[in-house]
Trainee: 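Here's a structure for you.
Computed from a predicted structure; not experimentally measured. One-based numbering, in listed order, for ligands and for the atoms of each. Counting from 1, the numbers follow the sequence of the chain as shown. Side-chain atoms are counted along with the backbone in the values below, which use heavy atoms only and exclude waters and symmetry mates.
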Amino acid sequence: MDFDIVVIGGGPGGYVAAIRAAQLGFKTACIDGFVRDGRYSLGGTCLNVGCIPSKALLQSSENFAELTHSFADHGITCDNPKINIEKMLKRKDDIISKNANGISFLFKKNKITEIHGWASFTAEESGKYLIQVDDKGTKQNIIAAKVIIATGSTPRELQQVKIDNKNILDNTGALDLSSVPKDLCIIGAGVIGLEMGSVWSRLGSNVTILEAATQFLSTADEQVAKELHKHLLKQGINIKTGVQIGDINNKSDSVTVHYNDGKDKQELHSDKLIVAVGRVPNIEGLNIEAIGLKLDERGFINVNDLNQTNLPNVWAIGDCVRGPMLAHKASEEGVIVAERIAGQQPHFDFNTIPWVIYTNPEIAWVGKTEKQLKDSGIAYKKGVANFMANGRALGLGNSVGFVKILSDETTDRILGVHMVGPFVSELITEAVVAMEFMASSEDLARIIHAHPSLSEVIHEAALACSDRQLHG
Ligand code: FAD
Ligand code: NAI
């Protein structure tokens with residue numbers, strides 16, 4: 001129980017850090033305390049109650065919506081299609097189990113010691129860190145020469161109401177509803193609100209989302225946010241921005257949310273309420289005082305650009321530190337920290353972290369928005385191309401949206417790419433690669449894209465940056 005590297009947290013940050021550390025020859029342990037259905041389950045928030053289950057339900061509900069609304073255009077009809085929620089949830093749970101077992105397999109393959117239970121620091125002695133692991137009351141002590149903290153995040157709660165995951169749900173409850181609520185209220189039109197709202201709306205719920213900010217999805221490019229907003233409204237999702245939430249009454253079979261819409265007091269009755277107002281770093285139970293680990297002013301573990309904390313030999317990565325709360329950001333930090341411990345000099349570019357929201361249409365972006373460029377006084381060129389003119393998109397029956405490329409007016413270097421439309425979650429990687437290689441819009445315009453493919457819209461947008469679009 002004496003290790004070169006101990007990773008606390010087995011989410012996409014922690015388990016990836018452990019694998020990379022073991023590959024580099026360190027004697028490595030990973031401690032994780034996530035419990036699903038009464039059993040320990042590796043993979044953290046992302047695998048158990050986040051990225052993976054939400055995408056499984058998004059796919060199931062999308063299939064149902066297509067069968068109900070769009071397949072008729074292909075000449076395919078089905079009388080009175082039904083969804084079996086129990087089966088849909090079981091499919092989602094099977095995907096989680098398969099992946100969690102996969103992580104355990106990778107741990108064995110890489111000779112990583114898998115330790116289950118809740119970890120807390122007890123002391124620092126002669127430069128090493130003592131960690132106690134509480135496995136449902138059974139305690140064991142671990143010694144670590146180096147520690148990587150990857151304890152992730154938990155949902156932020158509203159002071160007005162307690163999450164019970166019966167009527168008032170966080171992401172865990174929102175992924176496990178055993179029937180389709182007739183009326184569903186969601187507080188927060190952020191990433192979780194939009195994705196979970198889409199799932200239950202496609203399955204038949206009347207969804208209303210109450211959002212405090214006056215501008216819808218202000219983190220995304222304004223043109224992309226507007227396009228998504230238009231389509232969500234068309235799908236019947238009611239989004240009210242600029243609201244102030246008041247009292248929330250949780251009765252046995254319904255929830256009433258009192259709010260002010262900027263003009264008047266309103267109340268909204270629903271069968272279930274999802275609270276999705278952001279997430280907070282998970283430091284609980286770590287006992288950071290025992291070793292003097294410092295937090296930043298927002299309560300995240302304080303780290304520098306190299307993910308070093310204020311303590312020698314203690315690093316922190318993923319949702320518990322600054323930066324976007326995304327699984328791929330956490331994993332990449334895990335790789336980079338393990339390599340830095342091994343004396344390598346890897347590079348991490350925050351500017352090329354892609355964002356995807358898996359609504360219909362999907363949205364995806366990387367780099368700067370038009371607003372950010374304007375605010376920083378950077379002159380830019382813009383090329384926009386629509387999916388409407390793309391043969392593959394028309395064949396798919398999904399031709400809404402566009403690709404927008406922003407490049408430096410003088411050097412033509414690509415500064416940001418913003419997409420809304422079919423499979424942009426996949427298409428965005430071309431933009432990430434281009435930006436990582438410091439490509440210009442001219443570089444993309446000169447690359448041959450397969451025909452017919454959705455990627456041709458990126459090609460057209462690149463051509464449009466120099467006013468030579470062929471199909472627009
Ligand atoms: P986590 O995944 O939170 O893992 C931390 C682990 O550490 C947990 O298992 C926790 O139990 C454990 N732990 C904490 N403290 C201790 C302790 N003291 N002792 C032992 N174990 C401990 N991101 C994307 O990029 N794409 C998506 O599509 C996406 N979808 C999401 C959907 C939902 C509904 C949610 C909630 C999140 C989603 N995210 C998505 C965000 C993503 O889940 C997080 O960014 C990611 O999980 C962060 O990884 P992490 O390793 O930092 O932390
Ligand atoms: P979020 O930060 O994306 O959105 C929270 C929303 O709630 C914001 O729009 C905010 O203005 C609003 N809000 C905050 N307080 C409010 C209040 N009192 N009343 C009304 N509205 C209020 O957070 P969310 O959706 O909880 O997701 C957490 C994180 O999980 C995201 O930041 C994202 O990093 C990650 N995630 C990523 C996904 C993806 O990559 N596809 C999917 C789901 C989550």
Trainee: Of the listed options (Met196, Gln244, Arg156, Met325), which comes nearest to atom 33 (C) of ligand 2 when hydrogens are ignored and any heavy atom counts?
Mentor: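 Nearest heavy atom to atom 33 (C) of ligand 2 lies in Met325.
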
Trainee: Tell me, please: is Val49 in heavy-atom contact with ligand 1, that is, under 4.0 Å?
Mentor: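 For ligand 1, residue contact (heavy atoms, under 4.0 Å) with Val49 is present.
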
Trainee: Determine the interplanar angle of the Trp365 and Trp355 rings, folded into 0 to 90°, and report it as parallel if under 30°, tilted if 30 to 60°, perpendicular if over 60°.
Mentor: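 Parallel: the ring planes of Trp365 and Trp355 meet at under 30°.
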
Trainee: Just verifying a value: how many Å separate Leu427 CG and Leu454 CG, rounded to the nearest 0.5 Å?
Mentor: 5.5 Å

Trainee: Under 3.5 Å between any N/O of Glu211 and any N/O of ligand 2: does that happen in this structure?
Mentor: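 Among all N and O atoms of Glu211, at least one is under 3.5 Å from an N or O of ligand 2.
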
Trainee: Can you tell me if Gly117 has a non-hydrogen atom under 4.0 Å from ligand 1?
Mentor: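 The answer is yes: ligand 1 sits under 4.0 Å from a heavy atom of Gly117.
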
Trainee: Which is it for Thr151 and ligand 1 at heavy atoms under 4.0 Å: side chain, backbone, both or neither?
Mentor: both

Trainee: Can you confirm whether more than 12 heavy atoms, excluding those of Lys27, are under 6.0 Å from its NZ atom?
Mentor: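 Atom NZ in Lys27 is crowded, with more than 12 foreign heavy atoms closer than 6.0 Å.
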
Trainee: Pick whichever of Leu286, Thr45, Asp319, Ile357 has a heavy atom sitting closest to atom 3 (O) of ligand 1.
Mentor: Thr45

Trainee: Specify the protein heavy atom at minimum distance from atom 21 (N) of ligand 1: its residue, its atom name, and the distance to 0.1 Å.
Mentor: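 Result: Gly33 N, 3.1 Å.
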
Trainee: Looking only at heavy atoms, is any part of Ala327 under 4.0 Å from ligand 1, and if so is it the side chain, the backbone, or both, or is it neither?
Mentor: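 For Ala327, backbone and side-chain atoms both sit under 4.0 Å from ligand 1.
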
Trainee: So which bit of Val356 gets within less than 4.0 Å of ligand 2, heavy atoms only: side chain, backbone, both or neither?
Mentor: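 The part of Val356 near ligand 2 is the backbone, not the side chain.
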
Trainee: Kindly identify the option in Trp118, Trp355, Tyr15 whose heavy atom sits closest to atom 13 (N) of ligand 1.
Mentor: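 Ranked by closest heavy atom to atom 13 (N) of ligand 1, first place is Trp118.
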
Trainee: Hey, is Ser153 one of the residues with a heavy atom under 4.0 angstrom from ligand 1?
Mentor: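 A heavy atom of Ser153 does come that close to ligand 1.
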
Trainee: Can Lys55 be said to touch ligand 1, with heavy atoms closer than 4.0 Å?
Mentor: yes

Trainee: May I ask whether Arg279 places a heavy atom under 4.0 Å from ligand 1?
Mentor: yes

Trainee: Distance to 0.1 Å, residue and atom name: give those for the protein heavy atom nearest to atom 7 (O) of ligand 1.
Mentor: Gly9 CA, 3.2 Å

Trainee: Could you work out, for atom 1 (P) of ligand 2, the closest of Gly188, Pro354, Gly190 by heavy-atom distance?
Mentor: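 Comparing heavy atoms across Gly188, Pro354, Gly190, the nearest one to atom 1 (P) of ligand 2 lies in Gly190.
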
Trainee: Would you mind checking if Glu114 and Lys108 are paired as a salt bridge, meaning a charged N to carboxylate O distance below 4.0 Å?
Mentor: no

Trainee: Measure the distances from the heavy atoms of Ala276 to every atom of ligand 2 and state whether one is below 4.0 angstrom.
Mentor: yes

Trainee: Does any N or O atom in Ala212 lie less than 3.5 angstrom from one in ligand 2, N or O only?
Mentor: yes

Trainee: If you measure from atom 32 (C) of ligand 1 to every heavy atom of Gly50, Pro12, Pro354, which option wins on shortest distance?
Mentor: Gly50

Trainee: Nearest heavy atom to atom 18 (N) of ligand 1 wins, so pick from Pro324, Gly152, Ala119.
Mentor: Ala119

